[in-house]
Amino acid sequence: MKKILIPTDLSLNSYQTIDYVTELFANEQCEFYFLNAYNYGLSGLNAIEMLQADEEWFDKPKKESIEQLWKLVERYTLKSKNTKHAFNAISNCMNLTDSIKKNVEELSTDLIILTGRAKENVGNTTESILEKVRNCPILIVPPHASSSDGINLTIASDFKQKININEIDRFCRTLTNTNFRVGVLVLEKQNSLSKEACNNLEGLINYLAKFSIEPIGLEYIKSSYRLKDYAASNIKGILCIIDKKPDLFRKIGLYKSNVISILKKINTNTVLTIHQ
């Protein structure tokens, strides 16, 4: 049974994301966990006002969160005719990123689903999640995404580092009973790869062969800036981007994940991020 965590703000876009994901994993045994994190909006309140706030004031956000979540669970339980799917609700009074980290550990989550933006930017919350939640693959679904009969997963990398196959394995095993194809996109010229990069590429292709129903597709592009063009011509596929292991400068906040800048270029695509 695969465990899939779906943070939701209970908006229309998040409903569209859930529709996409339940269709994507239609053939898999899945437990879906709808997560809503709320807070009390304490900015502007002083200590005296906090002390004077009644119990109803504190209970209201919790009650609204739980009620809306259970409506969501009811909606998809009744809507879904798929006996392989089960739906659950989680309501937490805490920061969303911390809530996701907590539930990934407690549930042994296989996959996190985030709703992307239509605009060419990445929200602060998404940035925070990508930076701080590094023990689970994350699938970012743009508004109005649609899954096709055949799922195409393309893993993009320059292969200068050995790819962490653990998270790729977790995602591919989530699609065990699904008709899907795997491709590799090398973000370098073919004749410019180092021996180490070639070995890393060969190792990944050999590993992926057991998952794909067809031979692994292999394509090279001259430089990473052409990734946007590639993504635009493969809009229905899932593009897998490797989030490199943070160095010291990134850990102290001087630099952001390379995934952040890439997401701004390919915001119309469904993107899987895995971590080194």
**OP:** Take D229 and L227, measure what side-chain contact (heavy atoms from CB on, under 4.5 Å) needs, and give me the verdict at the end.
**Re:** CA-CA 5 Å; D229 295 333; L227 185 61; over 6 Å; no
Side chain to side chain, [X] and [Y], heavy atoms closer than 4.5 Å:
X	Y	result
V141	L24	no
P137	I112	no
F211	F171	no
C240	T154	no
K79	D19	yes
E31	I4	no
I168	L208	yes
T270	I140	no

Distance (rounded to the nearest 0.5 Å) between [X] [atom1] and [Y] [atom2]:
X	Y	atom1	atom2	answer
T125	D9	OG1	CG	9.5 Å
I66	S91	CD1	OG	5.0 Å
Y33	L69	OH	CG	14.0 Å
D110	F25	CG	CZ	9.5 Å
I90	I100	CD1	CD1	10.5 Å
L239	L153	CG	CG	8.5 Å

Can you name the nearest heavy-atom pair linking [X] to [Y], along with the distance?
X	Y	answer
L130	H275	O-NE2, 4.4 Å
V73	F87	CG1-O, 3.7 Å
Y230	N234	O-ND2, 2.8 Å
N82	A26	ND2-O, 2.6 Å
A37	M94	CB-O, 3.4 Å
I274	E167	CA-OE1, 3.2 Å

Original post:
So does K101 have more than 12 non-hydrogen atoms from other groups sitting under 6.0 Å from NZ?
Top reply: no
**OP:** Please determine which of I155, L193, D158, I221 meets the side-chain contact (heavy atoms from CB on, under 4.5 Å) test together with V186.
**Re:** L193
Subject >> Candidates T109, N92, D98 - the one meeting side-chain hydrogen bond (donor to acceptor under 3.5 Å, both in side chains) with N103 >> reply: N92
Original post:
Which of these, T8, T22, T115, sits in a side-chain hydrogen bond (donor to acceptor under 3.5 Å, both in side chains) with T17?
Top reply: T115
Original post:
Which residues pass the ring pair (Phe, Tyr, Trp, His ring centres under 6.0 Å) test with H85, sequence neighbours left out?
Top reply: F32
Salt bridge or not for [X] and [Y], using N-O below 4.0 Å?
X	Y	value
D243	R134	yes
K71	E67	no
K162	E196	no

Consider only side-chain heavy atoms of I, L, V, M, F, W and Y, link residues closer than 4.5 Å, and tell whether [X] and [Y] are in one cluster.
X	Y	result
V21	L10	yes
L204	Y220	yes
I235	Y20	no

**OP:** Apply the test side-chain contact (heavy atoms from CB on, under 4.5 Å) to residues V133 and N135: give CA-CA distance (whole Å), side-chain angles for both, the deciding distance (0.1 Å), then the verdict.
**Re:** CA-CA 6 Å; V133 183; N135 56 345; 3.8 Å; yes
Subject >> From CA spacing to verdict: side-chain contact (heavy atoms from CB on, under 4.5 Å), L185, L187 >> reply: CA-CA 6 Å; L185 181 65; L187 305 178; 4.1 Å; yes
**OP:** Apply side-chain contact (heavy atoms from CB on, under 4.5 Å) to L114 and L139, showing your working.
**Re:** CA-CA 6 Å; L114 298 182; L139 188 70; over 6 Å; no
Original post:
According to the side chain to side chain donor-acceptor pair (under 3.5 Å) rule, which pairs have a member within residues 197-211, sequence neighbours left out?
Top reply: D169-Y207
Whether the side chain of [X] engages the backbone of [Y] through a donor-acceptor N/O pair (distance < 3.5 Å, no angle test) should be reported.
X	Y	result
S192	E188	no
N269	A231	yes
S14	S11	yes

